Amino acid sequence: MSEAPDHDPLGVSGSYAVGAGDPWLPEGTRHEQPADGPATLATVPIRCVVNGDPVEVPQVWVADSLLFVLRERLGLTGAKDGCGEGECGACVVLLDGEPVLGCLTPALAAEGSYVTTVEAYGEGDEVSAALAAHCGAGCGYCLPGIGLSVRTLLARQPEPSESAIRESLSGHLCRCLPPGPFVDAVREASETRAASGLGGSGAHEVGLDESQSLNIAPNPQQPGPPQASRIAHQAVAPRG
Amino acid sequence: MPPSAPLPALRPTGLEPAVEALAADPGLRVLAGGSELMVLANAGRLRPSGFLLIDRIPELRGVWFTEQEIIVGAATTCADLVHADVRAVLPALAQAARSIGSAALRTRATVGGNLASGKRPGGGPAALPGRDLLTALIALGAVAVCHSMAGWRQIQVAELYARDGGVRLEPGELITAVRLPAGTGQQGFMKIGTRGGPGRPVLTLALVVDPATRQVACALGGHGPVAARVDHAGVWLADHVDWDAGAIPDPSTYQTFARLVAEGLLAPMTAGPAGASTSRVSDEYRRQAAEVCARRALVRALPPSGWLEQVKQYQIKAEMMRARSALERAERGLPSAPPVPAAGRTA
Ligand SMILES: Cc1cc2nc3c(=O)[nH]c(=O)nc-3n(C[C@H](O)[C@H](O)[C@H](O)COP(=O)(O)OP(=O)(O)OC[C@H]3O[C@@H](n4cnc5c(N)ncnc54)[C@H](O)[C@@H]3O)c2cc1C
Ligand code: FES
Ligand code: FES
């Protein structure tokens, strides 16, 4: 087997057959075989830092979503699989501090990056507390995604206007509650933070405020916050 | 020795390796943000043998401000375009970007993906292509820059599409950037969807006024897979503006312009065969929507009087931006040259 070219940071792990013998693929639920598709799925190993812990996930199908890997491979079920088509926002997680739709972000894109899910926030988190207080009457399905969007908003605008709050909520569908309680919750979280002197810089957030440069081409060497050891992009050894 | 099996995933950090990889393996699918491709993959309708990720190529992401033009890298995200700097000099593009999906979608959805979304010529029926940026880019007179092993190709963005709405990219070709003439901020973008929140349009409209050349460009989109300019309305309007005084003397100009724009919906569009429209509303609704959008966009871009001062402000802003952007690029070690052929680069 030849060496992988040096611009192949993901390495090559080969492929696995679809259907029988899959170690983890729930049969018939996803990835149905299109008639004209190849019989095997191309896979790669993914390494990233999830909620501060470095993880390596072997055999990730190239088109597996980050949401699928978080939920089904890593057992982190905080982010929800609502629609799988970008409409509902239940799957929002942070990728290098930016909110992304877990369902439409290929897991590949998390290679060498920091991923933050709702599980990173423990007891006493003011956003969780405010959402619980104001939106507790609902089922809670939408809250993990909303929470992460709200934390991003507060990191950038510690005292957001009502229109900014509504805009940040607008990509999230909630089937239980109207927007009002969410707006109230964001206000309360913002006030609690101000009172506790936090000023909106939560531990896991990297805020990008408007005054910051537009030239945000990611620097592959250091995209994430320095809270755990980084996995270099280029350092994944090719397999096979 | 060539690899024995095609590589399932590549994430090059330079443009040339990306183009080489595409040429070597035609089965590779370009993936920028993935907001279109992943919807297909999740639904079991796409099973790529491999992805070429272009989200870590520094020269593809960012905006270059030069004297004559503004160059937007193809992997620049919609969230990048909402930035205050872009809002200041390309408000139509910034507003179009902001209308796309939700904030969490915009952090990944890219300019190149927006242009290249939808089917290829002769391909099957398109899922609704998301091409809202195209409306703004057409009005702005954007040129798409494409690159493959065969070389560079630069064409007007509207020319990227076949009559049936398919994207005319050669095999192995990447969109690397769009080039826009540096104009002023007398611009606007309007979008009417089926609901108040983010979502697909029933109509998009972009209006771009250039007081320097005294020209007005207007484009309509959302009614079909490809947006199109409504030239007759722009030409008519240019004659009814008092450019020296910075005023529109006759108040009825706004309504007449709006009516002319809406007539553009009836003209044979580049949108392709009848029925190709993504219509979810009646023709009459769309016609009225076009009128309202055109009138509002014009009132905002060129109020009845007093916009000469604005034009000056925009020029000063653009000047500052150029200086700051070049400085920051140097400071942060970002590529100083945009992803366009060397001959066309301006210092
Ligand atoms: C919930 C939702 C809402 C949406 N709302 C809107 C909307 O309001 N308006 C709108 O316009 N769109 C909308 N879209 C569509 C989509 O998000 C946009 O078109 C987006 O800009 C696509 O960019 P991407 O980088 O994610 O594309 P990808 O999915 O990465 O790619 C799309 C296509 O373009 C090709 N491609 C990507 N980059 C290049 C390149 N540089 N050169 C050559 N080919 C390339 C890919 O191979 C693929 O065929 C929406 C999508 C979703 C899921
Ligand atoms: S599951 Fe991702 S947006 Fe609905
Ligand atoms: S609380 Fe039930 S979906 Fe929002």
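In the text below, chain A, chain B and the rest are named by the order of the sequence lines, each starting its count at 1. No experiment lies behind these values; they were computed from the predicted model shown.
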Checklist entry - What distance do B:S148 atom OG and B:L22 atom CG have between them, rounded to the nearest 0.5 Å? => result 9.0 Å
Item to check | Any donor-acceptor pair under 3.5 Å from A:D64 side chain to A:W61 backbone | outcome: yes
Checklist entry - Side chain, backbone, both or neither: which part of A:V92 has a non-hydrogen atom closer than 4.5 Å to chain B? => result side chain
Next on the checklist: Counting heavy-atom pairs under 4.5 Å with chain B, which one of A:G84, A:G86, A:A109 comes out on top?
Outcome noted: A:A109
Next on the checklist: Under a 4.5 Å cutoff for heavy-atom pairs, which residue among B:R29, B:M38, B:M321 has the most contacts with chain A?
Outcome noted: B:M38
Next on the checklist: Taking every non-hydrogen pair under 4.5 Å, which of A:C103, A:S149, A:S168 racks up the most with chain B?
Outcome noted: A:C103
Checklist entry - Do the charged groups of B:D55 and B:R61 touch, with an N to O distance under 4.0 Å? => result no
Item to check | Partners passing side chain to side chain donor-acceptor pair (under 3.5 Å) against B:R98 (at least two apart in sequence or in another chain) | outcome: A:E167
Next on the checklist: Please classify the contact between B:L37 and chain A as side chain, backbone, both or neither, with a heavy-atom cut-off of under 4.5 Å.
Outcome noted: neither
Checklist entry - In this structure, which one of B:V63, B:L60, B:V72 forms a side-chain contact (heavy atoms from CB on, under 4.5 Å) with B:V111? => result B:V72
